Peer 1: 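Quick one: structure below, then a few questions.
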Amino acid sequence: MAFKACLALAALARAVDALSDAPSPDNFVRRGTTAAAVLGNYVYVDGGEISQYENGKIGNPASVTVNSTLSIDMSKSWTAGTVTIRTIPKTGPRKTNVQVWADPDTNSFYSWGGKWIGGVNMTKTELWKFTADGSGGGAWSVQDPANPNVFGGLIPGEFSAYTTAKGSGFLIGGIASGWTEIYRAKTQTIPGMLTFNIKSKVWENGTFSAGFSPFDTLSGASAQYVPTFGPNGLILVFGGWSPRVDAEPDIKVSPVFDLQNITFFDPETKKKYSQVTTGDVPPSPRGRFCTVGFEREGGYDIFLFGGMNQRAQTNFDDAYILSLPGFVWTKMPQNPAGNRAEHSCVAVGNRQVLSIGGTDMSWTKNDPAKQGLLLFDMTAMKWSDSYDAGAAAYEAPDTIKSWYTKK
Ligand SMILES: *[C@@H]1O[C@H](CO)[C@@H](O)[C@H](O)[C@H]1NC(C)=O
Ligand SMILES: *[C@@H]1O[C@H](CO)[C@@H](O)[C@H](O)[C@H]1NC(C)=O
Ligand SMILES: *[C@@H]1O[C@H](CO)[C@@H](O)[C@H](O)[C@H]1NC(C)=O
Ligand SMILES: *[C@@H]1O[C@H](CO)[C@@H](O)[C@H](O)[C@H]1NC(C)=O
């Protein structure tokens, strides 16, 4: 009798929900401000915040920091409503808006900057490295710089444009605040660009006026490395705006970058170019959206999804493909799960985009996308809640193919 009662109590105790970094699909509300990287058969998700039901209610505050690194197995097909998201303990700092550089060659990614919500438990500036174990787990360690003199002068921030190209991490612009850097008193725009050489661990930092950075300042933009054009490939930079260095960042009085005139640069020479695009140019101002690229025979196509118009304080729900070499935009069908900004996108299963998280100005409105996961088949131009591990190689959708044949 007493034994039975104990069992019943234990079962009850288990039925009480605790906050989780990967709550059940039914308890999930929203995830956002994450970064993601694909290493082998797994998608890893780092940083960010989550809101969820706890005992039937959303907490106050609604969103809390995610304390683990997540992984999703992409070797098998799955559906967003049931896929298991694994949590991996995180020894490094727990932040939102981190910027990551993936290095699939060594099965690792690096996490730089980002912000501690509430400025709680902040630690000194470090680069953290996640090394995957090949089976969906992995471990964190501090990556020391080869040139501590340069590293010591770097200002960690958020909202920069970042990508990995030619064995180096690139990071353009960003904004520093009292929540991104310990002992920082003032919010400050970070000018220029920094690079981190993954092999030599050497950091470089340079400005626009020195010819090192394609922009003076930049916030909320997205960078995409296209390896297949030019001797060194090219880094394309999309959207965002250019805050002043000498005042509080304010988009109302700052120039914004439209998506018609695209700036790009050579990652070796840093030489800057621009190209005016045609087709269905995405409306701007736009920031905090996601981009992800797909190589195909004779070209390269970049998917752009959602984001925020910070001037109007509204979010977007639209998606586009910018096709290279034509520099032509094509609008994609309406996504089934509404507006979102501050989400991450990665290329998975040959020709699919996986969009992770994102919010629509609220942490308490349930995400229509189960667990915040949305898939898009680039060739079929179809949104889905299911991932197909056996999808065929990417080829351009018919509308883009016919644009090239009509030329
Ligand atoms: C992460 O840790 C903090 C501090 O302990 C806690 O307040 C928060 O609820 C945790 N997040 C989750 C999702 O459990
Ligand atoms: C801050 O650190 C303390 C001590 O390790 C821990 O108990 C607390 O949960 C941490 N808070 C957050 C928000 O991480
Ligand atoms: C890079 O150098 C510039 C000019 O010295 C400086 O203002 C900027 O804060 C540095 N960038 C970073 C990320 O520290
Ligand atoms: C496009 O932007 C570049 C700056 O990156 C500028 O120099 C160029 O004049 C712009 N082109 C047009 C047509 O506006």
Side-chain angles (χ1 to χ4, degrees), residues 17-23 27-32 34 47-54 58-70 85 87 89-90 93-96 99 112-113 116-118 120-121 125 127 145 149-162 169-176 180-181 184 186 188-196 203-210 212-219 221 235-240 242-246 255-265 271-278 281 284 327 363:
D17 305 326
L19 288 184
S20 167
D21 293 329
N27 281 347
F28 177 87
V29 177
R30 282 275 175 179
R31 184 186 296 286
T34 58
E49 287 174 78
I50 189 163
S51 59
Q52 59 195 281
Y53 292 102
E54 190 189 11
I58 299 174
N60 183 20
S63 72
V64 295
T65 301
V66 171
N67 296 309
S68 15
T69 303
L70 313 177
I85 300 179
T87 60
K90 186 165 189 181
R94 293 140 186 200
K95 303 192 216 176
T96 68
Q99 297 131 138
W112 170 251
W116 284 269
I117 297 292
V120 181
N121 290 357
T125 302
L127 177 69
N149 53 327
V150 171
F151 184 80
L154 299 180
I155 300 174
E158 58 183 334
F159 306 129
S160 72
Y162 59 92
F170 284 76
L171 183 131
I172 312 163
I175 292 175
T180 69
E181 186 181 21
R184 160 167 289 281
K186 266 194 355 204
Q188 180 195 321
T189 299
I190 308 168
M193 175 166 80
L194 66 81
T195 61
F196 169 70
W203 293 80
E204 277 188 273
N205 174 26
T207 57
F208 176 71
S209 55
F212 187 84
S213 175
F215 293 88
D216 185 8
T217 68
L218 188 65
S219 176
I235 296 176
L236 275 65
V237 183
F238 295 97
S242 183
R244 284 170 58 157
V245 184
D246 57 354
V256 301
F257 297 108
D258 65 36
L259 289 154
Q260 176 141 38
N261 183 12
I262 303 296
T263 300
F264 49 99
F265 66 102
K271 190 168 160 40
K272 175 178 154 172
Y273 309 85
S274 66
Q275 173 68 49
V276 174
T277 59
T278 59
V281 177
S284 51
F327 277 96
W363 286 100

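Quantities reported herein were computed from a predicted structural model and do not represent experimental measurements. One-based numbering, in listed order, for ligands and for the atoms of each. Only this structure's heavy atoms are used, side chains among them; waters, hydrogens and symmetry mates stay out.
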Peer 1: Within ligand 1, which atoms have a heavy atom of D21 less than 4.0 Å away?
Peer 2: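 Result: 12 (C), 13 (C).
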
Peer 1: Considering only protein heavy atoms, which is closest to atom 13 (C) of ligand 4, and at what distance to one decimal place?
Peer 2: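 Here the nearest protein heavy atom works out to V276 CG2, 3.6 Å.
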
Peer 1: List the closest protein heavy-atom neighbour of atom 7 (O) of ligand 4: residue, atom name, distance to the nearest 0.1 Å.
Peer 2: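 Its nearest protein heavy-atom neighbour is S274 OG, 4.7 Å.
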
Peer 1: Pick whichever of N67, N121, I50 has a heavy atom sitting closest to atom 3 (C) of ligand 1.
Peer 2: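 It is N67 that holds the nearest heavy atom.
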
Peer 1: Does any donor atom in the side chain of S242 or T217 lie under 3.5 Å from an acceptor atom in the other side chain?
Peer 2: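 Checked: S242/T217 side chains pair up, N/O donor to acceptor below 3.5 Å.
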
Peer 1: Give me the residue, atom name and distance of the protein heavy atom closest to atom 1 (C) of ligand 3.
Peer 2: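 Checked against all protein heavy atoms, atom 1 (C) of ligand 3 sits closest to N205 ND2, 1.6 Å.
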
Peer 1: Evaluate the 4.0 Å heavy atom contact test for atom 11 (N) of ligand 1: does a protein atom fall under the cut-off?
Peer 2: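 At least one protein heavy atom is under 4.0 Å away.
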
Peer 1: Any idea which atoms of ligand 3 are less than 4.0 Å away from a heavy-atom of I190?
Peer 2: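 Checking each atom against I190, I get 9 (O), 11 (N), 12 (C), 13 (C).
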
Peer 1: Could you tell me, atom by atom, which parts of ligand 1 come under 4.0 Å of a heavy atom of L19?
Peer 2: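 Numbered from 1, ligand 1 contributes 9 (O), 14 (O).
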
Peer 1: Judged by atom type as modelled, is there a donor-acceptor pair below 3.5 Å linking the side chain of T65 to the main-chain atoms of N67?
Peer 2: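 Absent.
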
Peer 1: Taking all non-hydrogen atoms of both residues, which atom of V237 and which atom of I172 are closest, and how far apart?
Peer 2: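 Scanning both residues completely, I find the closest heavy atoms to be CG2-CD1, 3.9 Å.
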
Peer 1: Could you tell me which atoms of ligand 3, counted from 1 in the order shown, lie closer than 4.0 angstrom to a heavy atom of L194?
Peer 2: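 Answer, ordered by atom number: 13 (C).
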
Peer 1: Has ligand 1 got any nitrogen or oxygen that is less than 3.5 angstrom from a nitrogen or oxygen of Q52?
Peer 2: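 By distance alone, the answer is no.
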
Peer 1: Hey, which atoms in ligand 3 end up nearer than 4.0 Å to a heavy atom of L154?
Peer 2: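 Those of ligand 3 that fall under 4.0 Å from L154 are 14 (O).
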
Peer 1: Just verifying a value: how many Å separate N121 CG and K95 NZ, rounded to the nearest 0.5 Å?
Peer 2: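 Output value for this atom pair is 12.5 Å.
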
Peer 1: Does R94 reach ligand 1 with a nitrogen or oxygen that is under 3.5 Å from one of the ligand's nitrogen or oxygen atoms?
Peer 2: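 No, there is no polar N/O contact under 3.5 Å.
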
Peer 1: Check whether any side-chain heavy atom of Y53 lies under 4.5 Å from a side-chain heavy atom of V29, and answer yes or no.
Peer 2: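 They are in contact (side-chain heavy atoms under 4.5 Å apart), so the answer is yes.
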
Peer 1: Does V66 approach ligand 1 within less than 4.0 angstrom via side chain, backbone, both or neither, non-hydrogen atoms only?
Peer 2: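 It is neither; nothing of V66 touches ligand 1.
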
Peer 1: When you measure from atom 5 (O) of ligand 1 to the protein, is at least one non-hydrogen atom found at a distance under 4.0 Å?
Peer 2: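 Looking at atom 5 (O) of ligand 1, one finds that no protein heavy atom lies closer than 4.0 Å.
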
Peer 1: Would you say the side chain of T125 lies within less than 4.5 Å of the side chain of F151, judging by non-hydrogen atoms?
Peer 2: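 Yes, their side chains come closer than 4.5 Å.
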
Peer 1: With a 4.0 Å cut-off on heavy atoms, is K272 touching ligand 4?
Peer 2: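 Judged by the 4.0 Å heavy-atom criterion, K272 does count as contacting ligand 4.
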
Peer 1: Spell out, as yes or no, whether a donor-acceptor pair under 3.5 Å connects the side chain of E204 to the backbone of V150.
Peer 2: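 A pair under 3.5 Å: no.
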
Peer 1: Considering only heavy atoms of T263, which atoms of ligand 4 have at least one such atom less than 4.0 Å away?
Peer 2: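 So the answer, numbered in order with elements, is 5 (O).
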
Peer 1: Does ligand 3 have any atom that is closer than 4.0 Å to a heavy atom of P191?
Peer 2: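 P191: in contact with ligand 3 (<4.0 Å).
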
Peer 1: Would you find a donor on one side and an acceptor on the other, under 3.5 Å apart, between the side chain of T189 and the backbone of R244?
Peer 2: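 Flag set: sc T189 to bb R244 pair under 3.5 Å.
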
Peer 1: Which ligand 3 atoms does T207 reach within 4.0 Å, using its non-hydrogen atoms?
Peer 2: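 Counting atoms of ligand 3 from 1, those under 4.0 Å from T207 are 4 (C).
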
Peer 1: Using the six-membered ring wherever Trp is involved, compare the ring planes of W203 and F196 and label them parallel, tilted or perpendicular (cut-offs 30° and 60°).
Peer 2: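 Tilted: the ring planes of W203 and F196 meet at 30° to 60°.
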
Peer 1: Do any nitrogen or oxygen atoms of I155 lie less than 3.5 angstrom from nitrogen or oxygen atoms of ligand 3?
Peer 2: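 N/O-N/O distance below 3.5 Å exists for this pair.
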
Peer 1: Please name the pair of heavy atoms, one in G239 and one in L259, separated by the smallest distance, quoted to 0.1 Å.
Peer 2: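 Taking every non-hydrogen atom into account, N-CD2, 3.6 Å.
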
Peer 1: Without swapping roles, check the side chain of Q99 against the backbone of W112 for a donor-acceptor pair under 3.5 Å.
Peer 2: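 At least one qualifying donor-acceptor pair exists.
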
Peer 1: At what distance is the nearest protein heavy atom to atom 2 (O) of ligand 4, and which residue and atom is it?
Peer 2: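 So the nearest neighbour among protein heavy atoms is N261 ND2, 2.3 Å.
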
Peer 1: At less than 4.0 angstrom from any non-hydrogen atom of T65, what atoms of ligand 1 do you find?
Peer 2: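 Atoms satisfying the 4.0 Å criterion: 1 (C), 10 (C), 11 (N), 12 (C), 13 (C).
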
Peer 1: Of the backbone atoms (N, CA, C, O) and the side-chain heavy atoms from C-beta on, which set of S20 has a member under 4.0 Å from an atom of ligand 1: side chain, backbone, both, or neither?
Peer 2: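 Backbone only; the side chain of S20 stays clear of ligand 1.
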
Peer 1: Any side-chain donor-acceptor pair under 3.5 Å between D21 and S68?
Peer 2: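 Side-chain D/A pair, D21 to S68: present.
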
Peer 1: Is E54 reaching over with its side chain to a backbone N or O of G59, donor-acceptor style, under 3.5 angstrom?
Peer 2: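 Not a single qualifying donor-acceptor pair exists.
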
